[in-house]
Amino acid sequence: MKKKEKSAMQMQRFESIFQCPVCTSPMKIVEYKSVVCDQNHTFDIAKQGYVNFLTRPVRSEYDKELFEARKTIIDSGLYEPLHSKVREIIGEVQSPKVLDTGCGEGSHLAHILKNANDGVGVGIDIAKEGILSAAKYYDDLIWCVGDLANSPYSLESFDIILNILSPANYTEFTRLLKQDGLLIKVVPKSEYLKEIRNLFYDETYSNEQTVVRFKENFQQVETYELSYKVPLHESLLQPLLRMTPLTWNKMDERKEVRITEISIDLELLVGRKK
Ligand SMILES: C[S@@+](CC[C@H](N)C(=O)[O-])C[C@H]1O[C@@H](n2cnc3c(N)ncnc32)[C@H](O)[C@@H]1O
Ligand SMILES: [Zn+2]
């Protein structure tokens, strides 16, 4: 079976999650080719197995190279403790519908759901290059190019919303989550990738504002801290430098970079709708 048809079938199984980003009508999968609303607004399923729901062109600073580097680093297992923690939290929900918002190239979602035998994973990102890569490697999941501010999903469709190192949209999170659903937001703490940060920045990073905004919008039910250091294999240095906006416009400042270990320092904020 072709990739496009396989994706179309998966989308059809979970058709009720879709809502037209133009007119908010319900949508259907038509002829395994397109996602079409009651008013006939039509979004084609690409041959690579994803749908672009953007209603206007968007330029993203996140490019193919950055997403390839993120995939290499995530596949190397650097975030495995994060994935198992999220898996543990999701594990309490029966057949969960999971939406990853700002999913990038999809590896976090794919790793988190890798042994899940029911439910569904859906990823949305505004950067087409990210979703192209996601659809290429992970064809059991549903991948959408879209703007979280105008998302193609219907009211209270998801049990779990993930928001990993990506911008939040609490109005949409509230609309999309079921009443008893959980939002899991992953934010960096001050030591996150500090070996890279220290090369280019003097000030330390604080996530205080981000945590305050989370608490203003959601009822915080749990917080987990994940802090660890991992020895860095030489082959991962370049992908590590390329995967993060921390190095944007900075790479010519340092000729030689020596990093032999890398710090992960994350906070998982788990919340319910207020
Ligand atoms: C730092 S990256 C993190 C990607 C992924 N979660 C990861 O950890 O590898 C932030 C992502 O948020 C996405 N993003 C930013 N604004 C968005 C929006 N309005 N709607 C959807 N995605 C958005 C970007 O395209 C980018 O892929
Ligand atoms: Zn429509």
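Ligands are counted one by one from 1 in listed order, and the atoms in each one are counted from 1 as well. What's counted below: heavy atoms across the whole structure, side chains too, no hydrogens, waters or symmetry copies.
A 6.0 Å sphere centred on CD of Glu261 holds more than 12 heavy atoms belonging to other residues, nucleotides or ligands. The 12-atom threshold is not exceeded at NZ of Lys2, counting heavy atoms of other residues, nucleotides or ligands nearer than 6.0 Å.
As for His41, its N/O/S atom nearest the Zn ion (ligand 2) is the one called ND1.
Under the 3.5 Å distance criterion, the side-chain polar atoms of Lys185 are left unmatched by any main-chain donor or acceptor of Glu267. A distance-only check finds no donor-acceptor pair linking the side chain of Lys128 to the backbone of Val58 [under 3.5 Å]. Remark: the backbone N or O of Ser263 is paired with a side-chain donor or acceptor of Glu195 at under 3.5 angstrom. Checked by atom type and distance alone, the side chain of Ser166 pairs as donor or acceptor with a backbone atom of Gly102 at under 3.5 Å. Of the possible polar contacts, one joining the Thr72 side chain to the Glu68 backbone as a donor-acceptor pair under 3.5 Å is found.
Neither the backbone nor the side chain of Ser107 comes within contact range of ligand 1; no heavy atom lies under 4.0 Å.
Put simply, CD1 on Ile161 and CG on Leu176 are 5.0 Å apart, with the number rounded to the nearest 0.5 Å.
Using a 4.0 angstrom heavy-atom cutoff, Cys103 counts as in contact with ligand 1.
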Which pairs would a plain distance check flag for residues 138-155, meaning a side-chain donor or acceptor within less than 3.5 Å of a matching protein atom at least two apart in sequence or in another chain?
| unit_1 | atom_1 | unit_2 | atom_2 | d |
| --- | --- | --- | --- | --- |
| Tyr138 | OH | Lys71 | NZ | 2.8 |
| Tyr138 | OH | Ser107 | OG | 2.9 |
| Asp139 | OD1 | Lys6 | NZ | 3.4 |
| Asp140 | OD1 | Lys6 | NZ | 3.3 |
| Trp143 | NE1 | Ala134 | O | 3.4 |
| Trp143 | NE1 | Tyr138 | O | 2.8 |
| Asp147 | OD1 | Ala149 | N | 2.9 |
| Asn150 | ND2 | Pro21 | O | 3.2 |
| Ser151 | OG | Glu172 | OE2 | 2.6 |
| Ser151 | OG | Arg175 | NH2 | 3.4 |
| Ser154 | OG | Ser16 | O | 2.6 |
| Ser154 | OG | Ile17 | O | 3.0 |
| Ser154 | OG | Ser157 | OG | 3.3 |

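With salt bridges taken as basic N to acidic carboxylate O contacts below 4.0 Å, none links Glu156 and Lys97.
For the pairing with Tyr192, the side chain to side chain contact (heavy atoms under 4.5 Å, CB included) check across Leu165, Asn207, Leu246, Val187 returns one residue only, Leu165.
In the vicinity of Gly146, heavy-atom distances shorter than 4.0 Å reach the ligand 1 atoms 20 (N), 21 (C). Numbered from 1 in the order shown, with element, the atoms of ligand 1 that lie under 4.0 Å from a heavy atom of Phe67 read 27 (O). Ligand 1 places these atoms under 4.0 Å from at least one heavy atom of Ala127: 25 (O).
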Please test His111 against Ile74 for side chain to side chain contact (heavy atoms under 4.5 Å, CB included), starting from the C-alpha separation and ending with a verdict. CA-CA 9 Å; His111 284 259; Ile74 298 169; 4.1 Å; yes

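Here the angle at the Zn ion (ligand 2) defined by SG in Cys23 and SG in Cys20 stands at 110°, rounded to 10 degrees.
Note: an N/O pair closer than 3.5 Å links Asp147 and ligand 1 by distance alone. In terms of polar-atom proximity, Asp125 is counted as a contact of ligand 1, with an N or O under 3.5 Å from an N or O of the ligand. The shortest N or O to N or O distance between Gly102 and ligand 1 is under 3.5 Å. Considering backbone and side-chain N/O atoms, Ile126 comes within less than 3.5 Å of an N/O atom of ligand 1. Of the N or O atoms in His108, one or more lie within a sub-3.5 Å distance of an N or O in ligand 1.
For atom 2 (S) of ligand 1, the nearest protein heavy atom (residue, atom name, distance) is Tyr62 CE2, 3.6 Å. At the shortest separation from atom 16 (N) of ligand 1 among protein heavy atoms lies Pro167 CG, 3.7 Å. Summary of contacts: the protein heavy atom closest to atom 9 (O) of ligand 1 is Arg70 NE, 2.6 Å. Nearest protein heavy-atom contact of atom 1 (C) of ligand 1 is Leu165 O, 3.3 Å.
Of all the listed residues (Leu162, Ile124, Ile164), Ile164 holds the heavy atom that lies closest to atom 6 (N) of ligand 1. The option from Leu148, Ile73, Asp100 that lies nearest to atom 20 (N) of ligand 1, judged by heavy atoms, is Leu148. Residue Ser166 holds the heavy atom nearest to atom 3 (C) of ligand 1 of all those in Ala168, Ser166, Ser151.
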